[in-house]
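For reference, the structure is listed below as C-alpha cells.
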Amino acid sequence: QVRLVESGGGSVQTGGSLRLSCAASGFTFSYYAMGWVRQAPGKEREFVAAISQSDGEIDYADSEWGRFTISRDNAKNTVYLEMNSLKPEDAAVYYCAAASVVRVLRRKQVTYWGQGTQVTVSS
C-alpha cells in the first residue's frame with residue numbers, strides 16, 4: 001500500500017520557519033521525483049517545489065526561490081521542505097507528492113499524494 005505521510009506543519013508567526021517531512025512507503029522511492037504542492041482555502045492547488053530522483057534537478061515556484069529548500073534522503077525514503085521567512089500567504093495545506101519527473105510534478109500531474117499537513121502563518 002502506497003503511503004506518503006507528512007509531518008512538521010504547525011502555526012508560526014510571520015518571518016518564522018518550519019520544516020516539513022514526508023515519509024514514503026509502498027513504492028520505490030528512489031524511482032520518483034518528489035515534491036510539495038499546497039492549497040489555501042478557496043484556491044487551487046499550486047506547485048511549491050520538486051526534486052529529482054538523484055537531486056540533480058530542483059525546481060521551485062517563483063515566490064519560493066531563496067526562502068524554501070527541498071531535499072531528500074533516499075536511504076530514509078523521506079523528502080523535506082525547509083521553509084524560512086514565512087509569510088501569511090504561505091498558509092495552506094501542504095501536500096507531499098510523487099511523480100515521474102520534476103516537470104510533470106510542476107504541472108501537478110502527480111502519481112501519489114499524501115494527506116497533507118496544515119501550515120498557518122499569523123501576522
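Start at 1 with the first residue, then count along the sequence.
The environment of Glu89 atom CD is dense: over 12 non-hydrogen atoms of other residues, nucleotides or ligands sit within 6.0 angstrom. Environment of CD in Gln13: sparse, with no more than 12 heavy atoms of neighbouring residues, nucleotides or ligands closer than 6.0 Å. The number of heavy-atom neighbours closer than 6.0 Å to CD of Gln118, taken from other residues, nucleotides and ligands shown, is above 12.
Contact check for Leu20 versus Val119: side-chain heavy atoms found under the 4.5 Å cut-off. A 4.5 Å side-chain heavy-atom check between Asp90 and Glu64 finds at least one atom pair inside the cut-off.
A donor-acceptor contact shorter than 3.5 Å links the side chain of Glu6 to the backbone of Gln115. Distance alone, capped at 3.5 Å, is enough to place a donor-acceptor pair between the Arg106 side chain and the Tyr60 backbone. For the pair Lys108 (side chain) and Arg45 (backbone), a donor-acceptor distance under 3.5 Å is present. Without hydrogens or angle criteria, Asn74 side chain to Ser54 main chain gives no donor-acceptor distance under 3.5 Å. Proximity of a side-chain donor or acceptor of Arg3 to a complementary backbone N or O of Ala23 within less than 3.5 Å is not detected.
Ring pair Phe27/Tyr32: centre-to-centre distance below 6.0 Å.
When the options Thr14, Val12, Thr120 are evaluated for a side-chain contact (heavy atoms from CB on, under 4.5 Å) with Leu86, the one that passes is Val12.
Following chains of ILVMFWY side-chain contacts shorter than 4.5 Å, one cannot reach Val102 starting from Met34, and the two form parts of different hydrophobic clusters.
Sequence neighbours left out, not one pair with a member in residues 112-123 passes salt bridge (Lys or Arg N to Asp or Glu O under 4.0 Å).
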